[in-house]
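Side-chain atoms are counted along with the backbone in the values below, which use heavy atoms only and exclude waters and symmetry mates. Order of the sequence lines sets the chain letters (A, B, ...), proteins ahead of strands, with each chain counted from 1. Not measured: the values here are computed from a predicted model.
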2 protein chains.
Amino acid sequence: MYSLSEENYLKAIYHLSNHGQDSVNTNAIAEEMKTAPASVSDMIRKLSKKKLVDYQKYRGVNISTKGKDIALKVIRKHRLWEVFLVEKLNFHWDEVHEIAEQLEHIQSPVLISKLDEFLDFPKHDPHGDPIPDDDGNFATVKKEPLSEIEEGKSCKVVAVNDSNSAFLKYLDKVGISIGTSIHINERIEFDGSMEITLNKEKSLTISQIAAQNLLVTTA
Amino acid sequence: MYSLSEENYLKAIYHLSNHGQDSVNTNAIAEEMKTAPASVSDMIRKLSKKKLVDYQKYRGVNISTKGKDIALKVIRKHRLWEVFLVEKLNFHWDEVHEIAEQLEHIQSPVLISKLDEFLDFPKHDPHGDPIPDDDGNFATVKKEPLSEIEEGKSCKVVAVNDSNSAFLKYLDKVGISIGTSIHINERIEFDGSMEITLNKEKSLTISQIAAQNLLVTTA
DNA sequence: TATACTTTTTAGATATGGCTAAAAAAAACA
DNA sequence: TGTTTTTTTTAGCCATATCTAAAAAGTATA
Ligand SMILES: [Mn+2]
Ligand SMILES: [Mn+2]
Ligand SMILES: [Mn+2]
Ligand SMILES: [Mn+2]
């Protein structure tokens with residue numbers, strides 16, 4: 001139905017638009033897609049003609065309902081395949097993103113519904129991200145970067161940035177995974193790093209960069 | 001490494017060449033690929049430049065060792081995915097070919113070796129076709145079309161033509177599957193149809209077309 | 001508000017993979 | 001062995017998805 005490129009652009013625009021809320025700049029899309037801004041202009045015109053985005057020249061794009069539907073279907077496939085790769089094929093969570101980037105474009109609704117069933121209808125992917133259902137609905141947990149949590153508070157890791165394999169390897173090494181509880185012992189103002197305790201057992205210091213990529217819930 | 005189109009052409013050429021033995025005509029490739037002969041000429045020139053086929057104008061093509069390697073890797077992936085779809089996702093054997101045509105192009109050697117292991121190293125796909133190992137080797141069983149078997153002889157179904165879904169549905173209806181034993185009671189000269197008995201139980205008449213698409217062994 | 005800077009679009013390429021119609025070569029046949 | 005038919009290639013298109021360089025529009029600033 002839609003080309004691999006169109007699907008990737010819609011997914012990028014959806015992500016950048018904060019779940020479809022905000023309008024998105026050409027340069028931001030270009031950076032996300034690792035293409036030249038000129039290429040983005042061309043593709044936007046094409047997506048606009050197909051009513052997948054709303055577009056006025058020089059004004060950025062807003063993803064349409066139709067465009068959002070497509071993006072969410074691709075995201076659903078990506079995350080289901082990631083679950084398959086980790087749960088069934090014993091891949092590690094830092095190895096699955098690139099393969100899922102390919103698998104997410106396989107066209108077959110029945111394949112996805114059977115895969116969903118085979119995986120026992122998972123609600124989250126290996127990185128803690130929610131898996132939309134066939135209608136694009138998914139549970140939203142209020143999550144924020146660990147870097148935003150105040151000193152002395154506790155929280156729980158609910159999601160991580162899956163596209164950075166080095167980050168995931170680092171999390172393994174220090175013993176952080178989805179579900180780990182974290183207590184913030186101290187915030188170091190100087191460089192934004194934090195001294196934290198994991199599962200009331202092990203203490204360590206993590207950098208601001210790492211803290212910004214760890215999504216936690218305080219609920 | 002190689003494009004989806006290049007992989008599909010190599011697979012087609014490999015199939016038409018009788019496992020790499022014979023040279024293949026432009027028109028035959030065009031028919032197999034459902035493209036215009038002119039498009040085949042273009043692609044052949046490209047494959048030839050990459051040393052994936054040997055080619056002299058107007059003389060047809062021969063697949064090279066390198067080309068055969070690629071074709072066999074694609075075939076391996078196609079058949080492993082078909083096993084996955086049938087064994088794990090409960091697809092029926094007449095539903096998997098189109099999906100496998102997409103999945104066979106996913107690029108990740110480790111994915112395939114993990115899938116192979118997950119499926120417990122199958123040697124044949126759901127249609128009886130052998131699955132090449134990572135080096136392209138596979139067991140060859142001497143098989144011939146049922147239409148070639150003489151009256152009064154017995155044989156066993158070892159493979160079927162998986163790309164014809166209607167044929168597979170027909171086989172289900174009459175009760176023929178991989179492993180079914182067949183006795184040829186009578187060959188009708190007039191139209192090439194045959195009266196046969198399945199597993200020494202059920203007798204029926206099948207057309208010449210059907211008999212040509214059923215591959216059996218007499219060993 | 002005029003000028004400078006940034007962002008975005010357009011113009012004009014390239015590469016891939018497809019097409020039809022016409023030309024050329026090979027094969028069949030009379 | 002000519003002549004006709006078939007097969008294959010070439011010529012000249014089109015569409016998609018990229019790119020760089022230049023132009024245009026929008027934004028910021030003095
Ligand atoms: Mn991912
Ligand atoms: Mn993920
Ligand atoms: Mn198949
Ligand atoms: Mn098969």
Rounded to the nearest angstrom, tell me the gap between atom [atom1] in [X] and atom [atom2] in [N].
| X | N | atom1 | atom2 | value |
| --- | --- | --- | --- | --- |
| B/Glu31 | D/dT8 | CD | P | 12 Å |
| A/Gln56 | C/dT8 | CD | C1' | 14 Å |
| A/Ile44 | C/dT7 | CD1 | P | 15 Å |
| B/Arg45 | C/dG18 | CZ | P | 13 Å |
| B/Leu47 | C/dG18 | CG | P | 11 Å |
| A/Asp42 | D/dT16 | CG | C1' | 10 Å |
| A/Met33 | D/dC19 | CE | P | 10 Å |
| A/Tyr55 | C/dT10 | OH | C1' | 10 Å |

Holding to ring-ring contact (aromatic ring centres under 6.0 Å, His included), I want the full list of residues that pass it with A/His97, two or more places apart in sequence or in another chain. A/His78

Look at the side chain of A/Tyr9 and decide which nucleotide, out of D/dT18, C/dT8, C/dG18, has an atom nearest to it. D/dT18

Check every atom of C/dG18, C/dT8, D/dT18 against the side chain of A/Asn27 and return the nucleotide holding the closest atom. C/dT8

Taking atom types as modelled and ignoring hydrogens, do the side chains of A/Asp129 and A/His127 form a donor-acceptor contact shorter than 3.5 angstrom? no

Testing the 3.5 Å rule here: is there a donor-acceptor pair between the side chains of B/Glu32 and B/His15? no

Distance-only check: which donor-acceptor pairs under 3.5 Å involve side-chain atoms of residues 133-145 of chain A, not counting sequence neighbours?
| unit_1 | atom_1 | unit_2 | atom_2 | d |
| --- | --- | --- | --- | --- |
| A/Asp133 | OD1 | A/Asp135 | N | 2.8 |
| A/Asp133 | OD1 | A/Gly136 | N | 3.1 |
| A/Asp133 | OD1 | A/Asn137 | N | 3.0 |

Would you say [X] reaches [N]'s phosphate, i.e. side-chain N/O to OP1/OP2 under 4.0 Å?
| X | N | answer |
| --- | --- | --- |
| A/Asn25 | C/dT7 | no |
| A/Ser5 | D/dT18 | yes |
| B/Ser41 | D/dT10 | no |

Please write out each protein N/O paired with an N/O of nucleotides 20-28 of chain D under 3.5 Å, distance rounded to 0.1 Å.
| unit_1 | atom_1 | unit_2 | atom_2 | d |
| --- | --- | --- | --- | --- |
| D/dA25 | O4' | A/Tyr58 | OH | 3.4 |

Can you pull out every side chain to side chain donor-acceptor pair (under 3.5 Å) where at least one residue sits in residues 17-31 of chain A? Sequence neighbours excluded, please. A/Tyr14-A/His19

Pair listing, salt bridge (Lys or Arg N to Asp or Glu O under 4.0 Å) test, anchored in residues 108-124 of chain A, at least two apart: A/Arg76-A/Asp116

Residues which pass side-chain hydrogen bond (donor to acceptor under 3.5 Å, both in side chains) with B/Lys66, listed by chain and number, not counting sequence neighbours: none

